[in-house]
Amino acid sequence: GTLHLDVTAAFAGARRMDRRRQQRMRAANGRNGAQDNAPEDDEEEEDVPKVCGVEAGSGSAEAMAAANAGLSRVLSKEDFGRMVVLGQFNLGFIIARLGKDLFILDQHACEEKYNFETLQQTTTIHEQPLICPRPVEVSASEEMTILENLDTFAANGFHFDTN
């Protein structure tokens, strides 16, 4: 099975990024002195963080498309087995690494997903037949859906007599 994740990235050094954005805006408006572009003497120049290979804060359509593609990737269950746990924070989240990617996992959501899948695999539904079966009127498309999924309905205790 696969699990779709939306991954949210956060950056350390956001204050410097905001300062650089302000400098860019002043430069674009023609109000930037030469000293504004140079880093202050007491601070080192730092690379602007990137998400999925895209500079943070860039607004081009190509950059946004690349970021969206990277942030909406699909993980398989095997990927979770290969993750390296780095730590825990806030008594409810696990920080894990898979290759070059960092993930924040909600422990409670992970446990609920695990419990749900375990119950799905191990629970047997005991059906209770009706004394007098009830006719059900359905549209043509609903009838096709039922006929295509008779096994699923039977596994969940529903049986249909078709004419």
Side-chain angles (χ1 to χ4, degrees), residues 1-22 46-163:
T2 58
L3 176 66
H4 294 274
L5 292 182
D6 288 327
V7 183
T8 304
F11 301 107
R15 195 173 55 202
R16 285 186 181 171
M17 287 176 23
D18 287 342
R19 186 174 28 210
R20 287 186 183 144
R21 256 188 233 118
Q22 290 172 354
E46 175 183 36
D47 287 337
V48 176
K50 294 184 177 188
V51 177
C52 305
V54 178
E55 181 179 319
S58 67
S60 74
E62 290 132 7
M64 294 303 290
N68 283 332
L71 294 176
S72 61
R73 70 183 88 159
V74 177
L75 295 173
S76 68
K77 288 187 182 186
E78 293 76 28
D79 291 332
F80 288 96
R82 293 192 324 263
M83 285 184 181
V84 176
V85 175
L86 302 175
Q88 177 191 31
F89 76 95
N90 204 22
L91 299 175
F93 297 92
I94 296 172
I95 306 296
R97 180 175 46 87
L98 178 63
K100 294 179 181 179
D101 299 319
L102 188 67
F103 294 91
I104 300 173
L105 306 171
D106 182 331
Q107 284 179 256
H108 298 101
C110 292
E111 182 183 22
E112 288 295 322
K113 177 83 171 153
Y114 173 80
N115 291 338
F116 174 73
E117 289 179 355
T118 301
L119 282 172
Q120 262 189 325
Q121 293 172 1
T122 61
T123 301
T124 304
I125 297 179
H126 301 284
E127 61 186 72
Q128 180 177 354
L130 297 173
I131 294 173
C132 180
R134 308 284 313 228
V136 178
E137 291 186 28
V138 295
S139 68
S141 63
E142 291 170 332
E143 182 178 358
M144 289 302 298
T145 301
I146 291 170
L147 292 174
E148 290 171 358
N149 296 288
L150 281 176
D151 294 337
T152 303
F153 281 109
N156 288 289
F158 294 93
H159 298 283
F160 295 95
D161 289 329
T162 58
N163 295 335

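On a predicted model such as this, the values are computed, not experimentally measured, just so you know.
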Legend entry - Other residues, nucleotides, ligands: >12 heavy atoms within 6.0 Å of Phe116 CZ: no
Inset, instruction - Answer yes or no: are there more than 12 heavy-atom neighbours, outside Phe158 itself, under 6.0 Å from its atom CZ? - result: no
Legend entry - Stepwise side chain to side chain contact (heavy atoms under 4.5 Å, CB included) test for Ile104 and Phe89: CA-CA 10 Å; Ile104 300 173; Phe89 76 95; 3.9 Å; yes
Legend entry - Where Thr152 and Asn156 come nearest, the two heavy atoms and their spacing: O-ND2, 2.8 Å
Inset, instruction - Keeping the roles fixed (side chain from Glu142, backbone from Ser139), state whether a donor-acceptor pair exists under 3.5 Å. - result: yes
Legend entry - Glu117 and Lys113 ion-paired at < 4.0 Å: yes
Inset, instruction - Measure across Phe103 and Leu98 and return the closest heavy-atom pair with its distance rounded to 0.1 Å. - result: CE1-CB, 3.8 Å
Inset, instruction - Kindly give the heavy-atom pair with the smallest separation between Gln107 and Phe93, and that separation in Å. - result: OE1-N, 3.5 Å
Legend entry - Steps toward side chain to side chain contact (heavy atoms under 4.5 Å, CB included) verdict (Ile95, Leu105): CA-CA 6 Å; Ile95 306 296; Leu105 306 171; over 6 Å; no
Legend entry - Rounded distance (nearest 0.5 Å) linking atom NE2 of His159 with atom CG of Asp161: 10.0 Å
Inset, instruction - Look up atom CD in Glu148 and atom CG in Asp151, then write down how far apart they are to the nearest 0.5 Å. - result: 12.0 Å
Inset, instruction - Step by step, work out the side chain to side chain contact (heavy atoms under 4.5 Å, CB included) result for Asn115 and Gln120. - result: CA-CA 9 Å; Asn115 291 338; Gln120 262 189 325; over 6 Å; no
Inset, instruction - Would you check if the side chain of Asn149 reaches a backbone N or O of Thr145 as a donor-acceptor pair within less than 3.5 Å? - result: yes
Legend entry - Shortest non-hydrogen contact between His108 and Leu91, atoms and distance: CE1-O, 4.3 Å
Legend entry - Heavy-atom check, side chain of Arg134 versus side chain of Leu130, under 4.5 Å: yes
Legend entry - Taking every non-hydrogen atom, the tightest pair across Leu150 and Phe160: CD2-CD1, 3.9 Å
Legend entry - Residue pair Gly92 / Gln88: nearest heavy atoms and the distance that separates them: N-NE2, 4.1 Å
Inset, instruction - For Asp101 and Arg97, indicate whether the former's side chain and the latter's backbone hold a donor-acceptor pair under 3.5 Å. - result: no
